[in-house]
Amino acid sequence: MATGVDGFEDPPAEVLAEAAAAFGLLASSARLHIVWALAQGESDVTGLAERVGGALPAVSQHLTKLKLAGLVRSRREGRRMVYFVDDPDVVTVVRLMVGQLSARADVASAPVRALRGTGA
């Protein structure tokens, strides 16, 4: 491994490939929304479809891809499957990224809201 800036070592190619694959799956706004929802708590496919505003078959397909990648797991509860994010690091990354972007959007739109309220 090569040492980069500030003493950080470059990760092995396999680690970068695995990270790129995970980020690639999360590059879909629908899948990111599903992981975001599951980071808040487990759900079945019907609840997820209602929450993310997707069609049941589409949400099911996204869940299959996320499960195959190991980002999401499921367990059977009676007749339904309950999905959850079992990796706290995935939860941390998704919450951090979405939270930062939400905060940035709030700050960027704050002056616009203030101006609209003045009647100008």
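All values reported here derive from a predicted model rather than from experimental measurement.
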(message) Could you report the tightest heavy-atom contact between A39 and V85, atom names first, then the distance?
(response) N-CG2, 4.1 Å
(request) For residues I34 and V59, report the shortest heavy-atom separation together with the two atoms involved. (result) CD1-CG1, 4.0 Å
(message) I need the single residue from E42, K65, K67 that forms a side chain to side chain contact (heavy atoms under 4.5 Å, CB included) with V72. Which is it?
(response) K67
(message) Among V91, V98, T92, which residue satisfies the side chain to side chain contact (heavy atoms under 4.5 Å, CB included) criterion with R95?
(response) V91
(message) Go through it in stages, so that I can follow the logic: the residues are L38 and L63, the test is side chain to side chain contact (heavy atoms under 4.5 Å, CB included), and I'd like the CA-CA distance, side-chain angles, deciding distance and then a yes or no.
(response) CA-CA 11 Å; L38 291 175; L63 284 166; 4.1 Å; yes
(request) Rounded to the nearest 0.5 Å, what's the gap from CE on M81 to CZ on F84? Could you check? (result) 9.0 Å
(message) If I take atom OG from residue S74 and atom CG from residue D44, how far apart are they, to the nearest 0.5 angstrom?
(response) 11.5 Å
(request) For atom CD of Q40, decide whether the heavy atoms of other residues, nucleotides or ligands shown that lie under 6.0 angstrom number more than 12. (result) yes
(request) Please test L101 against R104 for side chain to side chain contact (heavy atoms under 4.5 Å, CB included), starting from the C-alpha separation and ending with a verdict. (result) CA-CA 5 Å; L101 293 174; R104 208 178 288 170; 3.9 Å; yes
(request) State plainly whether one hydrophobic cluster holds both V35 and L56, where clusters connect Ile, Leu, Val, Met, Phe, Trp and Tyr through side-chain heavy atoms under 4.5 angstrom apart. (result) yes
(request) For residues 45-59, pull every pair meeting side chain to side chain donor-acceptor pair (under 3.5 Å), keeping only residues two or more places apart or in separate chains. (result) none
(message) Per the side chain to side chain donor-acceptor pair (under 3.5 Å) rule, what does the pair list look like for residues 26-39, sequence neighbours excluded?
(response) R31-H62
(request) Show the numbers, then the answer: is there a side chain to side chain contact (heavy atoms under 4.5 Å, CB included) between L32 and V94? (result) CA-CA 8 Å; L32 183 60; V94 169; 4.0 Å; yes
